[in-house]
Amino acid sequence: MSANQLVVTADEGTQEVVCTRVLDAPRELVFKVYTDPEQMQNWWGPRDGKTVVEKMEVKPGGVWRVLNFDADGNEFAFKGVYHEVRSPERLVHTFEFEGMPGHVLLETVVFEDLGDGRTKLIDSSVFQSVEDRDGMVQSGMEVGARESFDRLEELLAKS
């Protein structure tokens with residue numbers, strides 16, 4: 001197992017999914033790339049699609065909305081509200097897929113400085129129910145997360 005491989009934990013019967021990845025970049029850079037709308041368009045979502053950040057107000061109470069277009073041009077929209085922004089340590093926001101309105105999760109992203117120029121990113125998503133969590137896991141969320149984090153790592157290497 002590679003040191004920088006994404007680890008996804010989804011314990012049965014819980015409402016949480018935790019994604020952890022060590023990135024070969026300093027925490028300040030990871031936070032900057034993670035929260036910059038121009039940069040986010042280059043790493044968030046499937047590699048064979050296109051991501052458009054329609055709105056991204058990275059501040060408490062700020063809203064975000066992201067559109068993904070697949071290879072066939074189908075549109076998938078996601079949105080949320082930032083609850084906490086503590087640069088470069090932590091983000092807390094809601095996340096909702098507009099194709100399934102009303103199923104909102106709370107996402108907390110922690111950027112841990114490992115002290116050696118690397119950052120441990122811990123992304124915890126808490127769903128409203130076990131059924132919502134299971135639905136997200138079964139939708140292929142892990143594959144999408146792996147691809148996004150691989151793309152983030154590639155972008156950080158160029159920065």
Side-chain angles (χ1 to χ4, degrees), residues 1-25 27 30-31 33-35 39-53 56 58 60 62-71 74-114 118-157:
M1 172 155 119
S2 167
N4 293 1
Q5 185 174 9
L6 180 69
V7 176
V8 178
T9 306
D11 294 331
E12 190 172 332
T14 68
Q15 293 170 240
E16 183 178 33
V17 174
V18 179
C19 297
T20 306
R21 172 99 180 235
V22 173
L23 300 163
D24 289 323
R27 176 169 71 166
V30 175
F31 189 90
V33 169
Y34 201 95
T35 57
Q39 297 284 8
M40 188 178 186
Q41 294 180 148
N42 296 317
W43 68 265
W44 202 78
R47 193 178 298 275
D48 65 349
K50 179 181 178 186
T51 298
V52 175
V53 177
M56 191 172 179
V58 186
V63 298
W64 65 272
R65 187 167 189 261
V66 175
L67 307 173
N68 278 124
F69 298 91
D70 67 14
N74 297 307
E75 178 182 312
F76 303 92
F78 305 86
K79 66 181 180 181
V81 176
Y82 289 97
H83 291 268
E84 181 182 349
V85 177
R86 200 171 351 143
S87 176
E89 304 162 14
R90 177 178 157 104
L91 292 172
V92 178
H93 61 85
T94 57
F95 179 104
E96 180 178 12
F97 171 48
E98 290 183 6
M100 292 188 69
H103 298 272
V104 181
L105 64 91
L106 186 65
E107 185 170 8
T108 302
V109 185
V110 174
F111 302 81
E112 183 181 319
D113 184 351
L114 295 180
R118 296 180 310 146
T119 303
K120 184 177 187 178
L121 193 144
I122 305 160
D123 184 327
S124 169
S125 297
V126 179
F127 297 78
Q128 293 178 346
S129 68
V130 173
E131 293 77 20
D132 279 1
R133 196 284 315 250
D134 289 349
M136 180 71 89
V137 170
Q138 292 165 4
S139 76
M141 163 253 167
E142 184 173 342
V143 172
R146 283 188 196 287
E147 194 163 344
S148 288
F149 279 107
D150 287 348
R151 295 178 68 204
L152 176 60
E153 180 86 53
E154 293 162 11
L155 186 59
L156 289 166

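The chain is numbered in sequence order, starting from 1.
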Salt bridge Arg21-Asp150, side-chain N to carboxylate O under 4.0 Å: yes

Whether Ser148 side chain and Gly45 backbone form a donor-acceptor pair below 3.5 Å: yes

Glu147 side chain vs Pro46 backbone, donor-acceptor pair below 3.5 Å: no

Leu105/Asp132 under side chain to side chain contact (heavy atoms under 4.5 Å, CB included): CA gap, chis, key distance, verdict: CA-CA 9 Å; Leu105 64 91; Asp132 279 1; over 6 Å; no

Atom pair CD (Glu154) and CH2 (Trp43), whose distance is rounded to the nearest 0.5 Å: 12.5 Å

Check against side chain to side chain contact (heavy atoms under 4.5 Å, CB included), Phe127 and Asp134: CA-CA 9 Å; Phe127 297 78; Asp134 289 349; over 6 Å; no

Gap between atom CG of Asp113 and atom NZ of Lys120 - 0.5 Å precision: 12.5 Å

For the student: nearest non-hydrogen atoms of Lys79 and Glu98, plus distance: CD-OE2, 3.4 Å

Sidechain-backbone polar pair: Thr119 side chain, Ala25 backbone, donor-acceptor under 3.5 Å: yes

Distance-minimising heavy-atom pair for Phe149 and Cys19: CE1-CB, 4.4 Å

Atom pair OH/CG of Tyr34 and Leu23 - distance to nearest 0.5 Å: 10.0 Å

Interatomic distance, Arg86 atom CZ to Leu91 atom CG [nearest 0.5 angstrom]: 10.0 Å

Any donor-acceptor pair under 3.5 Å from Arg146 side chain to Leu6 backbone: yes

Single hit among Met40, Arg65, Gln41 for side-chain contact (heavy atoms from CB on, under 4.5 Å) with Met56: Met40

Residue pair Val85 / Phe31, side-chain heavy-atom distance below 4.5 Å: yes

Contact check, side chains of Val33 and Asn42, non-hydrogen atoms, under 4.5 Å: no

Reported CD-to-CG distance for the pair Gln15 and Leu106, which is rounded to 0.5 angstrom: 11.5 Å

Chi angles and distances behind the side chain to side chain contact (heavy atoms under 4.5 Å, CB included) call for Thr94, His83: CA-CA 8 Å; Thr94 57; His83 291 268; 3.4 Å; yes

Intermediate values then yes/no, side chain to side chain contact (heavy atoms under 4.5 Å, CB included), Leu155 and Gln39: CA-CA 8 Å; Leu155 186 59; Gln39 297 284 8; 3.3 Å; yes

Thr108 backbone acceptor or donor facing Arg90 side chain under 3.5 Å: no

Minimal non-hydrogen separation, Arg133 against Asp11, with atom names: NH1-O, 3.0 Å

Nearest non-hydrogen partners of Phe78 and Asn68, listed with the distance: CE1-OD1, 3.4 Å

Phe111 to Leu121 - nearest heavy-atom pair and separation: CE2-CD1, 3.7 Å

Nearest non-hydrogen partners of Ser125 and Glu107, listed with the distance: OG-CG, 3.9 Å

Passing candidate, side-chain contact (heavy atoms from CB on, under 4.5 Å) with Ile122, options Thr20, Val109, Val7: Thr20

Backbone of Asp24 reached by a side-chain donor or acceptor of Glu153 within 3.5 Å: yes

